[in-house]
Amino acid sequence: FLAILDFEASVQVNKSVGTKAHEVTEFPILLIDGADPTLPLIAEFHTFIRPTRHVHFLVRNPSYASYPSFPEAFGNLDTFLASHGATPQNTLAITCGDWDLRAMLPFEQASHGLPRNEMWTRWCNIKHAFSRLTGKKVDGMVRMLHVIEEPLVGRHHSGIDDCRNLATVARWMVQEG
């Protein structure tokens with residue numbers, strides 16, 4: 001399997017000390033059949049997350065109060081993956097950059113006392129793979145779509161839309177070799 005993911009997060013800036021703190025607010029994953037060269041979609045996991053540290057986010061977005069917390073969503077993800085037979089041994093995560101799995105997920109897991117899941121300890125940064133395949137340096141998903149002459153579908157920085165666009169890039173890469 002390929003698990004294409006792209007978290008979205010709220011940002012809280014502390015200008016007095018010059019720091020930024022992030023909290024996941026959208027948790028999308030596309031589960032793709034990596035054994036089939038057409039990379040068909042098997043299923044989507046998508047949820048918004050109720051912030052617990054950045055409560056200011058709830059003031060601007062009150063609907064988020066009804067969404068699951070990060071630990072609840074992470075448990076739902078485990079159930080989703082197990083229902084499709086996805087395991088750390090047969091699944092590779094695909095990200096557009098390293099931030100999601102190198103920084104954000106480990107931080108969220110530690111913040112909530114969740115154990116590190118082996119499924120998310122190795123991944124393919126699609127920007128690097130794309131650059132190796134095409135010889136073109138790219139800085140993100142929109143640039144990759146431009147290079148392959150595909151339109152941006154949906155809204156950029158909507159996690160689920162970004163995942164779908166990344167799947168388009170991955171399919172193109174498989175076709176191109």
Side-chain angles (χ1 to χ4, degrees), residues 1-13 15 18-51 54 56-57 60-61 63-64 67 70 73-74 77 80-81 86 91-108 119-177:
F1 298 102
L2 301 177
I4 299 175
L5 65 100
D6 186 50
F7 299 139
E8 298 300 327
S10 66
V11 179
Q12 187 168 9
V13 178
K15 291 180 182 177
T19 61
K20 293 181 181 179
H22 296 86
E23 184 170 14
V24 171
T25 55
E26 185 181 5
F27 198 150
I29 293 182
L30 301 186
L31 193 60
I32 304 287
D33 182 351
D36 183 323
T38 65
L39 300 183
L41 175 68
I42 294 171
E44 291 183 359
F45 175 86
H46 182 238
T47 187
F48 292 98
I49 304 292
R50 181 180 66 247
H54 296 175
H56 71 283
F57 187 81
R60 291 191 323 262
N61 304 281
S63 64
Y64 277 70
Y67 297 128
F70 185 86
F74 204 67
L77 173 64
F80 166 83
L81 293 169
T91 305
L92 176 65
I94 306 292
T95 63
C96 189
D98 296 322
W99 178 83
D100 297 273
L101 295 178
R102 181 174 289 155
M104 195 67 240
L105 183 60
F107 177 78
E108 286 288 0
M119 176 90 71
W120 312 115
T121 59
R122 63 183 182 86
W123 62 91
C124 172
N125 178 340
I126 197 168
K127 292 187 295 188
H128 296 312
F130 187 89
S131 292
R132 281 192 300 276
L133 178 66
T134 64
K136 297 179 188 303
K137 182 167 173 44
V138 293
D139 59 358
M141 177 196 68
V142 173
R143 176 76 179 126
M144 288 185 286
L145 289 168
H146 177 75
V147 168
I148 67 172
E149 299 178 345
E150 288 287 341
L152 173 71
V153 176
R155 186 174 53 83
H156 186 35
H157 294 301
S158 158
I160 194 67
D161 289 343
D162 288 354
C163 286
R164 292 172 183 147
N165 284 300
L166 292 171
T168 297
V169 172
R171 289 181 183 111
W172 180 89
M173 291 173 65
V174 168
Q175 289 173 350
E176 293 300 308

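Just so it is clear, the values below take in all heavy atoms, side chains as well, and ignore hydrogens, waters and symmetry mates. In this text, all values refer to a predicted model and were calculated from it rather than measured experimentally.
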Quiz item: Does CD belonging to Glu176 count more than 12 external heavy atoms closer than 6.0 Å?
Solution: yes
Could you give the distance from [atom1] ([X]) to [atom2] ([Y]), rounded to the nearest 0.5 Å?
X: Leu31; Y: Glu44; atom1: CG; atom2: CD; answer: 10.5 Å
X: Glu8; Y: His22; atom1: CD; atom2: NE2; answer: 10.5 Å
X: Asp98; Y: His128; atom1: CG; atom2: NE2; answer: 5.0 Å
X: Arg122; Y: Thr91; atom1: CZ; atom2: OG1; answer: 8.0 Å
X: Phe1; Y: Leu92; atom1: CZ; atom2: CG; answer: 13.0 Å
X: Met173; Y: Ile148; atom1: CE; atom2: CD1; answer: 9.5 Å

Taking the six-membered ring for Trp, are [X] and [Y] parallel (under 30°), tilted (30 to 60°) or perpendicular (over 60°)?
X: Phe130; Y: Trp172; result: tilted
X: Phe27; Y: Phe7; result: perpendicular
X: Phe48; Y: Tyr67; result: tilted

Does any non-hydrogen side-chain atom of [Y] lie less than 4.5 Å from one of [X]?
X: Trp123; Y: Leu5; value: no
X: Glu26; Y: Asp6; value: no
X: His156; Y: Asp162; value: yes
X: Ile160; Y: Leu30; value: yes
X: Leu41; Y: Ile32; value: yes

Quiz prompt | Pair Thr95-Trp120, side-chain contact (heavy atoms from CB on, under 4.5 Å): steps then yes or no | solution = CA-CA 11 Å; Thr95 63; Trp120 312 115; over 6 Å; no
Practice problem: Give the C-alpha distance, both sets of side-chain angles, the deciding distance and a yes or no for side-chain contact (heavy atoms from CB on, under 4.5 Å) between Val153 and Asp161. | Solution: CA-CA 7 Å; Val153 176; Asp161 289 343; over 6 Å; no
Quiz item: Does the pair His146 and Val142 meet the rule for a side-chain contact (heavy atoms from CB on, under 4.5 Å), with working shown?
Solution: CA-CA 6 Å; His146 177 75; Val142 173; 5.7 Å; no
Measure across [X] and [Y] and return the closest heavy-atom pair with its distance rounded to 0.1 Å.
X: Ala103; Y: Pro106; value: O-CD, 3.4 Å
X: Phe45; Y: Ala73; value: CZ-O, 3.5 Å
X: Pro28; Y: Gly159; value: CG-C, 3.4 Å

Are the side chain of [X] and the backbone N or O of [Y] linked by a donor-acceptor pair below 3.5 Å?
X: Asn61; Y: Ser63; answer: no
X: Glu108; Y: Phe70; answer: no
X: Thr25; Y: Ile49; answer: no
X: Arg143; Y: Val138; answer: no
X: Asn125; Y: Cys96; answer: no

Exercise. Take Ile94 and Leu166 through the side-chain contact (heavy atoms from CB on, under 4.5 Å) test and state the conclusion after the steps.
Key: CA-CA 9 Å; Ile94 306 292; Leu166 292 171; 5.7 Å; no
